[in-house]
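Here is the structure we will look at, set down as structure tokens.
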Amino acid sequence: MTGHPAIPEPYPYLARLNPEQREAVETLDGPLLVLAGAGTGKTRVLTTRFAHLLLTGRAHPGQVLAVTFTNKAAREMRERIAAMIGRPVEGLWLGTFHSLCARMLRRHAERVGLRSTFTILDTDDQLRLLKQVMEAERIDLKRWPAQAMMAEIQRWKDRALIPTAVTPAEDSGYANGRGRDLYAAYQRRLIELNAADFGDLLLHVTELLKREPDVLEEAHRRFRYILVDEYQDTNLIQYLWLRLLAQKHRNICCVGDDDQSIYSWRGAEIENILRFERDFPGAKIVRLERNYRSTAPILAAASALIAHNEGRLGKTLRPAGASAEGEKVEVQALWDSEEEARAVGARIEALRRDGHALAEIAILVRAGFQTRAFEERLITLGIPYRVIGGLRFYERAEIRDAMAYMRVLHQPADDLAFERIVNVPKRGLGDAALRLLHQTARRESIPLALAADRIAQSDALKGRPRAALAQLVRDFARWRAMLDREGHVATVAAMLDESGYTEMWRQDRSPEAPGRLDNLRELVRAIADFETLGGFLEHVALVMENDQVAEGDRVSLMTLHAAKGLEFDTVFLPGWEEGLFPNQRALDEGGAKALEEERRLAYVGLTRARRRAIVSWAANRRIYANWQSCIPSRFLAELPEEHIARATASSVAARPVDAAASVFPAVGFGGTHRGRVIEAGAWEVAPRPARADRFSVGDRVFHQKFGYGTVQSVDGDKLDVAFPTGVKRLLDRFVERA
DNA sequence: CTAATATTTATTTTT
DNA sequence: TAAATATTAG
């Protein structure tokens, strides 16, 4: 890869780059767009470029602003830069849009009416607050769900619109056109609570950069070079923020892949990357097209598929090196989602027998509910797996409760937190007490915590509630004093104990309770990693840590969205049916544009695979209550025939009742594929018995695996059958009359 | 305040 | 269908 071995290279790491990568690293001045296809060494370019800026003396660590979308990406980049430099680098402005904005906003909080201790609200708090605002404005929440209003507010914030900037054209007319007022009231409440939601972090900072020349100047003085990862996923306000920061020096390098833009529904505007050249005149564009990840057939399949999209800058992935060979991409037609799960399970077993690591296998689905069938099958087969995504640690109720205690301790004006814990554990402070608290707080314009103090000293409440409230007020005063003397770790531990919160879970007899106590212990342990309570709270708000420790050799199960940025030797892509993928609802909402985004999702899925991609679709799928027969996804027809091996399970082929089955001719099983015999047994395909062909108790039956047995009971299509090896519960279609 | 009952709604979710 | 949420009754 090195062009001139005779000339000594002052920067040896450059020699490890291919020419395009090298160009992307060495073009330090002026705007640069790096179009980095999947698996083309994007992260390497980004980190090398950062290190190069430092090592050439172009910039000090604090003069580079590097933005990512996820904390994971930021962490990875930080580690790789440290590895290249040879030591951890201090003072980097490297992080997510939100964490960088939070950092900037804390410096200038007072300019937007906040204090630097402001709380960052999560989605749950946001919604609760908005509901309160809407109730106060006498909006009928049944007619106008707060959820929808929240979505609209978020859309406005993504588009950099403060309440006064919302024009009728941007207003959907929600709540009889009162959306804008509600938005304004919501923003006022946030300031009163000394709080900001996620959108505010960018909104406030962008407003500051626009309005306050000295803030902008300071930023320009500081940031000489800007690096942006995943540029295709930026929304309008992120784009504006970047443009404001970059307008002076114009040293902005954006890395992205328009073909992997899959977050438009979160406000991402693919147009940002498509019109980069117009936004930054004189911009240079470098394309990274050498793919170091996947085999030629996988790349050919992915390329052919994505070529069906119109709005793209255009790139072709070429296999790097000698990976021109490889297995064809398999396309399997199965009877239903259960057969699909069995086929995938059997294939995984076979891979495992051949010595493949389970950690190198992933099942990528379009929608979360699809994982269930696979989970059940993997459990049955005893194959370890992990589901990535889903519940996050900091979203669990016990963690959020504990966090609320800490928030009240740290920032007594945090009414949302106070409200959450005032009666957790139960203190006899119900609706009536809460209403009184709110009344007092509103009348005197004070936070709830302070109102609690007033009420405890007055005789507005009597008996048990009054004593409980007084106790809570005294407790918080004591914990706050303790915080200064004994530090945050000891204080939080004491607070959770003395408040009775831990005791509440100890008393709880539900099966989850012990796990929750474990989580609480883990939480207290995590606090020790931070110097201050404020630092910890910010971490939790912004770094909703979601990556489970990759312990053990397990199959990964996740959505296609969650898979972006990951890679595996073997990737299963089930559920390629019209309606599911491409998703009907997405199509209904977004039309042709949405179809292209669905296709990009398919592209992302395929390009996750290094060596093997197995796509499948099921002719029947149960949607809610009833079964529905499915048509194969149009994406299947867009795959290039010469790189594809198609197979149709006999259960589908035997029943060419609909158009679905006739699209692919049956190939049957027991055929050979790349020289290996696929045993029919591995597919566990059996003809379905006709509807009338029911079993009754006492019937003798035969099963492929368990042999002969006797039917013990019948429950719909499920049978309990006594085999010599024991009683098994199975579906009637897997046994035949003996 | 809790428990039973009715109602709703089911795509993706980087922060 | 089934889970989550909202409402109502006790």
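To find a chain, count down the sequence lines: A is the first, B the second, and so on, and within it residues start at 1.
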As its Watson-Crick or G-U partner within any shown strand, both distances under 3.5 Å, dA6(C) has dT5(B)
Of the candidates dT13(B), dT14(B), dC1(B), the side chain of N423(A) sits closest to dC1(B)
N235(A) CG to dT13(B) P, in whole Å, measures 18 Å
Here the distance between atom P of dT14(B) and atom CD of Q154(A), to the nearest Å, is 13 Å
For this session: Classify the nucleic acid contact of G428(A) as base, sugar-phosphate or nothing, counting any heavy atom under 4.0 Å across all strands shown.
Result: nothing
* W265(A) on top of dT12(B)'s base, within under 5.5 Å and under 30°? -> yes
Nearest-nucleotide check on DNA chain B, T123(A) vs L601(A); residue mapping nearer the 5' end is L601(A)
Between CG of D233(A) and P of dT14(B) the distance, given in whole Å, is 12 Å
Is it true that W241(A) and Y239(A) have ring centroids separated by less than 6.0 Å? no
Out of dT11(B), dT14(B), dT15(B), minimum distance to the side chain of Y263(A) belongs to dT14(B)
Answer with base, sugar-phosphate or nothing: what part of the nucleic acid does Q370(A) contact at a heavy-atom distance below 4.0 Å?
-> nothing
Quiz item: Given the C1' atoms of dT5(C) and dT12(B), what is the spacing between them in whole Å?
Solution: 22 Å
(Q) Please give the distance between the P atoms of dT13(B) and dA2(C) as a whole number of Å. (A) 23 Å
Whole-Å distance, L560(A) CG to dT14(B) P, equals 14 Å
W241(A) atom CH2 is separated from dT15(B) atom P, nearest whole Å, by 15 Å
Contacts of F536(A) meeting ring-ring contact (aromatic ring centres under 6.0 Å, His included) (sequence neighbours excluded), chain-then-number -> F530(A)
Looking only at dT14(B), dA10(B), dT12(B), the nucleotide nearest the T559(A) side chain is dT12(B)
Whole-Å distance, L429(A) CG to dT2(B) P, equals 12 Å
- Query: Reckon R372(A) has a side-chain N or O less than 4.0 Å from the OP1 or OP2 of dA2(C)?
  - Reply: no
| request: Decide, yes or no, whether a salt bridge links R293(A) with E567(A) under the criterion of side-chain N to carboxylate O below 4.0 Å. | output: yes
- Message: Under 4.0 Å between a side-chain nitrogen and a carboxylate oxygen: does that hold for R372(A) and E375(A)?
- Response: no
Across every strand shown, the nucleotide meeting Watson-Crick or G-U wobble geometry with dT13(B) (both distances under 3.5 Å) is none
task: Please work out if A586(A) contacts a base, only the sugar-phosphate, or nothing of the nucleic acid, heavy-atom cut-off 4.0 Å.
output: base
Examine the base of dT15(B) for any acceptor or donor lying under 3.5 Å from a partner atom in the side chain of R266(A), and report the outcome as yes or no. yes
Winner on side-chain proximity to N71(A), out of dT15(B), dT11(B), dC1(B), is dT15(B)
With the side chain defined as heavy atoms from C-beta on, K426(A) is closest, among dC1(B), dT13(B), dA10(B), to dC1(B)
Could you give me the CA-CA distance, side-chain angles and deciding distance for V555(A) and I363(A), then say whether side-chain contact (heavy atoms from CB on, under 4.5 Å) is met? CA-CA 8 Å; V555(A) 173; I363(A) 305 172; 4.2 Å; yes
Taken to the nearest whole Å, CD/Q147(A) to C1'/dT9(B) is 12 Å
Per atom distances to the H98(A) side chain, the nearest of dT11(B), dC1(B), dT15(B) is dT15(B)
Worksheet entry | Salt-bridge criterion met for K157(A) and D197(A) (N-O under 4.0 Å) | yes
By nearest-nucleotide position on DNA chain B, the 5'-leaning member of F69(A) and R366(A) is R366(A)
Between CE of M558(A) and C1' of dT14(B) the distance, given in whole Å, is 14 Å
